[in-house]
Number of protein chains: 2
Amino acid sequence: MTIRVLIADDHAVVRQGLKMFLSLNSDFEIIGEATNGAEALRLAHQLNPDVVLMDLLMPEMDGITATAAIRRELPDTEVIALTSVLEDKSVTGAIRAGAIGYLLKDTESDELIRAIKAAANGQVQLSPKAAARLMREIRTPESPEALTERETEVLRLLAQGKANKEIAAELVIGEKTVKTHVSNILSKLNVSSRTQAALYAVRIGLVEELGEQ
Amino acid sequence: MTIRVLIADDHAVVRQGLKMFLSLNSDFEIIGEATNGAEALRLAHQLNPDVVLMDLLMPEMDGITATAAIRRELPDTEVIALTSVLEDKSVTGAIRAGAIGYLLKDTESDELIRAIKAAANGQVQLSPKAAARLMREIRTPESPEALTERETEVLRLLAQGKANKEIAAELVIGEKTVKTHVSNILSKLNVSSRTQAALYAVRIGLVEELGEQ
DNA sequence: CTCTTTCTCAGACTTTTGGCGGATGTGGCA
DNA sequence: TGCCACATCCGCCAAAAGTCTGAGAAAGAG
């Protein structure tokens with residue numbers, strides 16, 4: 001019985017490479033390709049694949065959102081997150097969204113094949129680096145407390161390099177209030193300056209890494 | 001006459017995908033694969049390829065450094081930068097290093113093939129997005145002045161969220177001196193706070209995006 | 001040997017940031 | 001109804017950040 005695989009990646013070369021890898025093994029059948037999260041979700045509904053290889057960085061709908069949707073709507077389809085970069089928010093985000101595996105694109109073909117087979121059987125498969133990252137996150141007691149909605153809003157502006165006064169103007173509240181929020185943010189994130197908070201925000205992907213055009 | 005291509009990318013899937021694309025066209029011959037910049041440089045010397053497809057983000061030696069070295073030592077070999085992300089420093093850095101092309105990995109196969117053929121003939125080929133970015137950089141007058149060595153060092157520490165006092169301790173200089181440097185940095189980068197300077201540093205890749213382990 | 005750049009530091013000063021305590025109003029929830 | 005989390009704001013204060021002016025030492029360029 002072959003494993004029916006859906007590939008979701010916006011990079012043509014990556015799709016081609018994955019197809020190449022998987023076509024060498026008759027256990028797999030590539031039943032579709034998507035170039036963004038929305039398309040992946042639609043194709044998953046249509047084709048009902050066993051495994052989706054999901055890139056996390058895609059236009060239209062990001063891979064994490066798509067993963068969550070697929071897992072919610074198609075419980076029999078397993079998702080493996082496949083990404084080139086290892087970011088804090090990616091690993092935990094993908095896991096939280098229901099991905100059964102997390103692989104880096106520098107994974108060698110045999111490891112990839114093992115991972116997909118494991119996923120098809122519902123077994124968890126993480127790349128060593130992703131596993132290390134996860135361990136670190138779980139191990140570390142410095143897990144930041146959850147921010148409130150307003151605090152997140154303030155952090156987002158702060159991470160754009162704005163001063164308290166500017167943030168106050170933008171949110172139409174007093175500067176003192178902003179300072180209170182910033183103080184609470186620093187304490188919750190366990191950092192000691194707005195710069196560190198801004199760097200944290202960038203790291204977890206709160207602010208987009210500078211849009212195109 | 002076939003075009004002899006060397007592929008340099010640390011991701012196995014990407015290498016496979018590129019091979020797949022190029023093998024469909026008899027004009028190309030893939031004569032080697034490298035998984036990092038140092039290996040790319042060594043293989044380029046050994047194999048003397050017409051075109052190198054160079055990923056910019058690689059371990060050992062980054063693609064820009066490798067590109068500069070190849071262009072310096074092997075003037076007949078053209079380099080096409082190939083990357084998944086579009087960053088400020090990448091485009092100008094790659095061009096400055098001597099890359100004749102800059103392509104994103106979401107490039108379709110026919111465009112890729114056209115680009116390699118153009119490169120083999122010494123013709124410049126940029127992906128539309130990269131071209132747009134270049135235009136913007138040239139057009140914008142807000143090009144930051146070059147920092148001195150010391151200032152760069154200070155900026156690197158600053159972008160790790162460190163306070164002036166900590167930076168002073170680490171560089172074994174007075175806090176006043178650090179303040180002077182920071183002031184000069186802010187003025188040169190045309191920003192108004194250390195947080196903005198830190199964000200700039202992250203954006204241009206001055207600080208590694210948080211090392212593993 | 002000048003001239004320039006860079007790195008270093010100082011004093012004086014303003015602005016910004018961040019901490020601490022206290023206060024009010026709102027809305028959900030037991 | 002009382003309790004609690006949240007958002008809003010105040011004042012006070014200390015520390016950090018940032019500006020301006022000036023200036024000495026070392027190194028490299030012309």
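These figures come from a predicted structure and were not determined experimentally. Every heavy atom of this structure was used, including side-chain atoms; hydrogens, water molecules and symmetry mates were not.
- Contact annotation: A:Thr177 reaches the phosphate of D:dC9 (side-chain N/O to OP1 or OP2, under 4.0 Å).
- Computed from coordinates, the A:Glu175 CD to D:dA7 P distance equals 19 Å when rounded to whole Å.
- Between the CD1 atom of B:Ile167 and the P atom of C:dC9 there is a distance of 14 Å, given to the nearest Å.
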Begin with the C-alpha distance, continue with both residues' side-chain angles, and end with the deciding distance and a verdict on salt bridge (Lys or Arg N to Asp or Glu O under 4.0 Å) for B:Glu153 and B:Arg150. CA-CA 5 Å; B:Glu153 221 169 333; B:Arg150 199 55 157 172; 3.3 Å; yes

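- Direction change of the helix axis from one end of the helix from C:dC1-D:dG30 to C:dA30-D:dT1 to the other is 40°, with five pairs defining each end axis (rounded to 10°).
- Spacing between atom NZ of A:Lys188 and atom P of C:dG19 amounts to 14 Å, rounded to whole angstrom units.
- Between D:dA7, D:dG18, C:dG18, one nucleotide has an atom nearer to the side chain of B:Ser183 than all others, and that is D:dG18.
- Summarising the geometry of A:Leu199 relative to B:Ala198, their closest heavy-atom pair is CD2-CB, 4.3 Å, with the distance given to 0.1 Å.
- At distances below 3.5 Å, not a single donor-acceptor pair connects side-chain atoms of A:Glu175 with backbone N or O atoms of A:Ala168.
- With rounding to whole Å, B:Lys176 atom NZ is found 16 Å from D:dG24 atom C1'.
- Using a distance-only test at 3.5 Å, with no hydrogens or angles considered, no donor-acceptor pair links the side chain of A:Arg4 to the main chain of A:Ile31.
- Between B:Asn164 and D:dA17 there is a side-chain polar atom (N or O) within less than 4.0 angstrom of OP1 or OP2.
- Of all heavy-atom pairs spanning A:Val5 and A:Pro49, the tightest one is C-CB, 4.5 Å.
- Candidate nucleotides D:dA7, D:dG18, C:dA10 were compared by shortest atom distance to the side chain of A:Arg150, and D:dA7 ranks first.
- Residues A:Leu171 and A:Thr177 fail the side-chain proximity criterion, which asks for heavy atoms closer than 4.5 Å.
- Contact annotation: B:Lys165 reaches the phosphate of D:dA16 (side-chain N/O to OP1 or OP2, under 4.0 Å).
- Nearest nucleotide to the side chain of A:Glu149, out of D:dA7, C:dG19, D:dG18: D:dA7.
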Check the pair B:Asn164, B:Arg194 against side-chain hydrogen bond (donor to acceptor under 3.5 Å, both in side chains), reporting the backbone distance first and the verdict last. CA-CA 10 Å; B:Asn164 291 336; B:Arg194 71 198 289 99; 3.1 Å; yes

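- For the pair A:Asn184 CG and C:dG21 C1', the computed distance is 13 Å after rounding to whole Å.
- For B:Lys179 and D:dA17, a side-chain-to-base donor-acceptor distance below 3.5 Å is present, hydrogens and geometry of angles not being considered.
- With distances taken from any side-chain atom of B:His181 to the nucleotides D:dA7, C:dG18, C:dC7, the minimum falls on C:dC7.
- Among the protein residues, B:Ser192 comes within range of no part of the nucleic acid, since none of its heavy atoms lies under 4.0 Å from any strand.
- Atom P of nucleotide D:dT8 and atom CD of A:Glu151 are separated by 10 Å, given to the nearest angstrom.
- Distance CG (A:Leu158) to C1' (C:dG18): 12 Å, rounded to an integer number of Å.
- One interatomic measurement links the two molecules: CZ of A:Arg194 to P of C:dT15, which rounds to 17 Å at whole-angstrom precision.
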